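Small disclaimer: the values here were computed from a predicted structure and weren't measured. Residue indices begin at 1 and follow the sequence shown. No hydrogens, no waters, no symmetry mates; every other heavy atom, side chains included, goes into these values.
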Amino acid sequence: MQEIDMTKNIYFNDVGSGFDISRFLKNIVSKLWIILLVGAVFASTAFVVEKINYTEVYTSTMTLAFMEKTYAVVNDYSNDEDAKAQYKQETKFFSNSSTDTYRELLKGDEMISIIKSNLAKDDVGVVYDEQFISNSLNISGGNVASFFEISVTSEDKGFCERALPIVLEKFPDYVQSYDTTIVIKVVNRPSAPVVTNADSALQKAMIGFCVGAFLVIAVLFIITLATNTVMTLENLRRDINANVLGSVPLLERATGIFKQKKKTPSGSLLITDTSKVSFSFVESFKSIRTKLENIKAEKGYKVFVVTSTYEDEGKTTIAVNIACSLAQKGKSVLLIDSDLRKPAILHAVGVKSDTNYGLIPIIKGTSTYVDSIKYIKSLGIFILPTGGVSLKSTEVLDTEKVKNVLEQARKEFEYIIIDSPPAHVVSDSLVISPLADGMIYTVRKDYARVNEINRTLEEIRAADIDIVGTVFSMSGGEENSRYYKRKVYGRYGRYSRYSRYRNSNYGGIGYGYGGYGNGYGYGGYGNGYGGYGGGYGYGGYGYGGGYGYGYGAQPGNQNKSNDEPPQIDNE
């Protein structure tokens, strides 16, 4: 049974237990246009609303000085007789002036009624509401004691112009009716009404932009916290409790006049179809192939089940291309489709389905093992299709005949790749996996959540199934894009020192034509035609070149050798 690293918490990134700041920042950068767009919409809305609702408010003011009359005793010494006492009137500023007192007098019912009646009698003759008049009046203390500023504020400019002169005329007499010692003098006469509320549309627009941008960022924060999927190869290594076999890039091509739109190639993606796939796509499967060869050499594994957490994670594409990459190196490979509910292998390799041959007919006894296995000459692989669809796939796979098929296949093939249904959706993969040596688990970028992947892997390990590694599918290619952008594989090859010496053991590595290998070495490989391998080495192989594992193969004869396997037509 496989040992599990208990020092790694497989539920570390479950909701609420962790937050990936780097992913959050990447989401912000990738959705920056949405943030700016929503912010602009909010800013425009706030600007327009403020402009529509904006109304000018006018204010007219005057300044009054409140004085106090006092009397002083003065002795008259103008004659020789005894001095006579006289009283002299004096005026001075209040020392105990109260703003609240005069505010109450100004806003009192009697004063408001006086203002109302006088406004109704003027040339305009508008009758104003008493509450409206009261709310428009205000009195405040000035910078100098006993100086008071009386103001009238209203959206009606004409009201301000007419109301304040009436206050100036009537208010002093009204105050003196309460206190005859008060003398009110005018410091500043009523001013012309001026607009006191500036247009704040730009300020409101800035606030609206910030609010809109913040809302989008808050949504991205919630999405990042809740979705917690595998975004990068580094996330896969850190968060998933399994080894990594490789990363397969997502194939997208720029379209449109300005090359801004990206489109994924339609149809199946095979490493043999150089018109659709990229060089990095092909190399990713060569890397996976090398690791599988090492696993076989170390553990003796030759039967691998390919599965994933959910559908549409690219497991069928990965299963087919792993088989093709192994076949390109001269290995005999059998590709089995065990997804009896939704078989996809035949469609992936471009072969029409046939219900007369496959796993289901073998189990039913209507076909044999030999008749059901088909050889796809263009790919160099053998295929055992499902031979139909079955809703009882779990029961069908859990039969003795399926075990017998795999036992016989082990004797005849160097590698057996089994494409199985998603492990988190149905239990079919748990039924077929014990018959295999190990499992290859596909993880698609930004698809299944980390805790769901780890939980599924835990269930697989509980069934005593060895997970040899994971494959990161549809990745952004960040992990190898920098390498492939370098001029390692130029038109004439970075390693020109090898291609220079045609008689050396290794042929040149070029982007055009591979060199010629001599002795027991390897022929060069290129993007055009493979080179010729001399002696008992390997013939060069390229995108258009052939490959052989006996004597050097001729260019264009893919998977050809002196020991060609038997062919069963099903093309």
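- A salt bridge is absent between E293 and K296; no separation between the charged side-chain nitrogens and carboxylate oxygens falls under 4.0 Å.
- Between the side chains of S420 and S338, no donor N or O sits under 3.5 Å from an acceptor N or O.
- Looking at F472 and R237, their side chains never come closer than 4.5 Å, going by heavy atoms from C-beta outward.
- Judged by distance alone, with hydrogens and angles left aside, the side-chain atoms of N454 form a donor-acceptor pair with the main-chain N or O of D239 at under 3.5 Å.
- Taking each heavy atom of A344 and D337 in turn, the nearest pair found is N-OD2, 3.1 Å.
- Residue Y301 holds its OH atom at 13.5 Å from OH of Y415, rounded to the nearest 0.5 Å.
- A donor-acceptor contact shorter than 3.5 Å is absent between the side chain of K315 and the backbone of D312.
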For this session: Could you check K329 against K286 for side-chain contact (heavy atoms from CB on, under 4.5 Å), going step by step and ending with a plain yes or no?
Result: CA-CA 10 Å; K329 204 169 181 182; K286 291 181 181 179; over 6 Å; no
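- Between I336 and I417 there is no side-chain heavy-atom pair separated by less than 4.5 Å.
- Here the side chain of Q408 pairs no donor or acceptor atom with the backbone of V405 at under 3.5 angstrom.
- Both tests do not hold together for K374 against F382: distance to the six-membered ring centre under 6.0 Å, angle to the ring axis within 45°.
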Problem set entry | Audit row: T232, K26, side-chain contact (heavy atoms from CB on, under 4.5 Å) steps and yes/no | CA-CA 11 Å; T232 64; K26 288 180 180 179; 3.6 Å; yes
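- Within the 3.5 Å criterion, the main-chain N or O of F281 finds a donor-acceptor partner in the side chain of S278.
- Cation-pi check for K302 over F413 is not met; the charged atom does not lie both under 6.0 angstrom from the ring centroid and within 45 degrees of its normal.
- Counting only heavy atoms from C-beta outward, the side chains of L430 and I465 approach each other to under 4.5 Å.
- For the side chain to side chain contact (heavy atoms under 4.5 Å, CB included) criterion with L245, the lone passing option out of V468, T442, T470 is V468.
- N294 places a side-chain N or O within 3.5 Å of a backbone atom of T290 that can act as its donor or acceptor partner.
- Under the side chain to side chain contact (heavy atoms under 4.5 Å, CB included) rule, I362 has a single partner from V402, L384, N404, which is L384.
- Contact detail for S390 and V396: the closest heavy-atom pair is OG-CG2, 3.6 Å.
- By the neighbour-count criterion of 12 heavy atoms within 6.0 Å, atom NZ of K291 is densely surrounded, having more than that number from other residues, nucleotides or ligands.
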For this session: Would you please test I21 and L25 for side-chain contact (heavy atoms from CB on, under 4.5 Å) and show each step?
Result: CA-CA 6 Å; I21 297 178; L25 295 177; 4.1 Å; yes
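- No donor-acceptor distance shorter than 3.5 angstrom exists from the side chain of D371 to the backbone of S367, with no hydrogens or angles considered.
- R410 is listed as a side-chain neighbour of I416, based on a closest heavy-atom distance under 4.5 Å.
- The heavy-atom pair separating S325 from I322 by the smallest distance is OG-O, 2.8 Å.
- A heavy-atom distance below 4.5 Å is not found between the side chains of I217 and F221.
- Here the straight-line distance linking atom OG of S372 with atom CD1 of I383 works out to 13.0 Å at 0.5 Å rounding.
- Residues V389 and P343 form a side-chain contact, since some pair of their non-hydrogen atoms from C-beta on lies under 4.5 Å apart.
- Partners of E395 according to the side-chain hydrogen bond (donor to acceptor under 3.5 Å, both in side chains) rule, which considers only residues two or more places apart in sequence or in another chain, do not exist here.
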Problem set entry | Y441 and T307: CA distance, side-chain angles, deciding distance, side-chain contact (heavy atoms from CB on, under 4.5 Å) verdict | CA-CA 5 Å; Y441 200 88; T307 189; 3.8 Å; yes
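- The two residues R341 and T394 have their closest heavy-atom pair at NH2-OG1, 3.6 Å.
- Considering CD1 of I440 and CD1 of I295, their distance stands at 7.5 Å, rounded to 0.5 Å.
- Of the possible polar contacts, none joining the D419 side chain to the A319 backbone as a donor-acceptor pair under 3.5 Å is found.
- The backbone N or O of D339 lies less than 3.5 Å from no partner atom in the side chain of D428, so there is not a single donor-acceptor pair.
- A side-chain donor-acceptor contact under 3.5 Å links S30 to the backbone of N27.
- The structure places CG of L220 at 5.5 Å from CD1 of I35, a figure rounded to the nearest 0.5 Å.
- Nearest heavy-atom pair across Y310 and Y447 is CB-CE2, 3.9 Å.
- Taking NZ of K31 as the start and CG of L36 as the end, the distance is 13.5 Å to the nearest 0.5 Å.
- Under a 3.5 Å cut-off, the side chain of R289 and the backbone N or O of L326 do not form any donor-acceptor pair.
- Within the 4.5 Å cutoff, the side chain of V349 has heavy atoms near those of the V320 side chain.
- Here NZ of K364 is found 8.5 Å from OG1 of T355. Values are rounded to the nearest 0.5 Å.
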For this session: Starting from the C-alpha separation in whole Å, work towards a yes-or-no answer on side-chain hydrogen bond (donor to acceptor under 3.5 Å, both in side chains) for R444 and S473.
Result: CA-CA 5 Å; R444 177 178 174 177; S473 67; 5.9 Å; no
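- Contact detail for T316 and A348: the closest heavy-atom pair is CG2-CB, 4.2 Å.
- Using a 3.5 Å distance cut-off with no hydrogens or angles, the side chains of S247 and S475 do pair a donor with an acceptor.
- Proximity of L269 to D273: side-chain heavy atoms (C-beta onward) are nowhere separated by under 4.5 Å.
- Among the candidates M439, K299, R461, the single residue satisfying the side chain to side chain contact (heavy atoms under 4.5 Å, CB included) test with D466 is K299.
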